[in-house]
2 protein chains.
Amino acid sequence: MLSNACQYAIRSILYLGMCSDEKHKVGVKTISEELEVPQPFLAKLLQQLNKSHLVTSTKGPYGGFYLSDENKEKTVWDIILVIDGTDKFSQCFLGLSKCGDDNPCPVHFTVSAFKNKIFKDFKDKTVAQFVEEIKEKGRYISLKKFDVLGAASD
Amino acid sequence: MLSNACQYAIRSILYLGMCSDEKHKVGVKTISEELEVPQPFLAKLLQQLNKSHLVTSTKGPYGGFYLSDENKEKTVWDIILVIDGTDKFSQCFLGLSKCGDDNPCPVHFTVSAFKNKIFKDFKDKTVAQFVEEIKEKGRYISLKKFDVLGAASD
DNA sequence: ATATAAAAAGATATTTTTATCCTAAATTAA
DNA sequence: TTAATTTAGGATAAAAATATCTTTTTATAT
């Protein structure tokens, strides 16, 4: 449903939301190792996310990526829009061109119930709110469980 | 979530379940037109489905594809297994390698609830049962609504 | 038997996605 | 101002998915 690129993007941004701020930028190398994703590919991706104002970067020593306050107000849906576009999500699970509530395929309502549920999270919650929830509930976005996080301090 | 190939395969088989039997075989051309799917690609796919005993075919004039009684006892999950394999379905929505009930990503439970629901349909119901339901509920698998179907009669 | 119709088989082509590499630009610290 | 570090940009490569084409085989009706 989501491309690799989009999964990487979401996880990177949530990771940066957990572990970075303007004073503690994180480099591609660290992110790629933490998330176990290919480094050069992720570099390109972060470049694109930067251009789309979903992450912020600075070059040079002590440079790297972080989320600005503006970045944190974006939603996961914004990320999906930039990387994958909206198409895959709006399409019928079985690929029917005219599937809809009034014209349902055999699995339409099962799928649309799911979509509505996940849309709610992806569209309504900001990245900041997502990050809060990850901390509260102790969810995983890398190999680490982030309720015990001390990674951003040094 | 499902590849084009897999969507085509499922829809083809449901279509054959609706419109064909041993006495009324359907050719690739007809199926591809009905489902709005590229013809040569579908031909390859049906070949593969035949080898996997999910559809039956005969060559020559009046030949074509249909579902044998044996074919009708297969499940949609069987189709998915043959075309896409099981991997995509078992993977975490965000691509986390170790996501699970005891190690959940931020959307794990939303996604797993959906998977359980759709698995139930895909694994428990036979193609024949699916076809019955499509007829009863008037669901769509091509451009046609199949509760008014007369396509298999001549 | 022969012509015909349809799937099977094998080869190839195109597109998309994923991934990598190399050089340039910018920033920082010394 | 220079060396080091890190992102940006552009080009390229590899893999997978999607799609097409051509020839062969099989079955049918006449």
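Letters A, B, ... are given to chains in the order of the sequence lines, protein chains preceding strands, and every chain is numbered from 1.
- Between Ser57(B) and dA8(C) there is a side-chain polar atom (N or O) within less than 4.0 angstrom of OP1 or OP2.
- Note on Asn50(A): a side-chain N or O is less than 4.0 Å away from OP1 or OP2 of dA8(D).
- Distances shorter than 4.0 Å separate some side-chain N or O of Gln47(A) from OP1 or OP2 on dG9(D).
- Out of dT20(D), dT20(C), dA8(D), the shortest distance to the side chain of Pro40(A) is found at dT20(C).
- In the set dA11(C), dA7(C), dT28(C), dT28(C) carries the atom at the smallest distance from any side-chain atom of Pro61(A).
- Rounded to whole Å, atom P of dT7(D) lies 14 Å from atom CG of Leu49(A).
- The CD-C1' distance, from Gln7(B) to dT18(D), rounds to 13 Å in whole Å.
- Under 3.5 Å, the side chains of Tyr140(B) and Asn103(A) contain a donor-acceptor pair of N or O atoms.
- Note that the CZ atom of Phe93(B) and the CG atom of Leu2(A) stand 4.0 Å from one another [nearest 0.5 Å].
- Mapping Tyr8(A) and Thr58(A) onto DNA chain C via the closest heavy atom, the residue that lands nearer the 5' end is Tyr8(A).
- Atom CG in Leu2(B) sits roughly 16 Å away from atom C1' in dT18(D) (whole-Å rounding).
- With dA19(C), dA7(C), dA29(D) as the choices, the nucleotide that has an atom nearest any side-chain atom of Tyr62(B) turns out to be dA29(D).
- For Lys44(B) against dG10(C), a side-chain-to-base donor-acceptor contact under 3.5 Å is present.
- Here Phe41(A) lies in heavy-atom contact (under 4.0 Å) with a base.
- If you measure from atom CD1 of Ile31(B) to atom C1' of dA6(C), you get 12 Å, rounded to the nearest angstrom.
- In this structure, Asp87(A) atom CG and dT17(C) atom P are separated by 11 Å, rounded to whole Å.
- Below the 3.5 angstrom threshold, one finds no donor paired with an acceptor across the side chain of Lys59(B) and the base of dA5(C).
- Rounded to whole Å, the distance from NZ on Lys25(B) to P on dA5(C) is 17 Å.
- In the set dA9(C), dT17(C), dA7(C), the nucleotide with an atom closest to the side chain of Val28(B) is dA7(C).
- There is a side-chain donor-acceptor pair under 3.5 Å between Asp101(B) and His108(B).
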Go through the steps for Thr126(B) and Phe130(B) under the test side chain to side chain contact (heavy atoms under 4.5 Å, CB included), then give the verdict. CA-CA 6 Å; Thr126(B) 63; Phe130(B) 242 99; over 6 Å; no

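- Residue whose closest nucleotide on DNA chain C sits further toward the 5' end, between Gly60(A) and Ser3(A): Ser3(A).
- For Lys51(A) and Gly63(A), each mapped to the nucleotide of DNA chain D holding its nearest heavy atom, the one lying further toward the 5' end belongs to Gly63(A).
- Among dT28(D), dA7(C), dA19(C), the nucleotide with an atom closest to any side-chain atom of Asn4(A) is dA19(C).
- No cation-pi contact links Lys115(A) to Phe119(A), judged by a cut-off of 6.0 Å to the six-membered ring centre and 45° from its axis.
- The CD atom of Gln39(B) sits 13 Å away from the P atom of dA8(C) (whole-angstrom rounding).
- Going from atom CD of Gln48(A) over to atom C1' of dT7(D) covers 15 Å, rounded to whole Å.
- Using a 4.5 Å heavy-atom threshold, the side chains of Pro104(B) and Phe109(B) count as touching.
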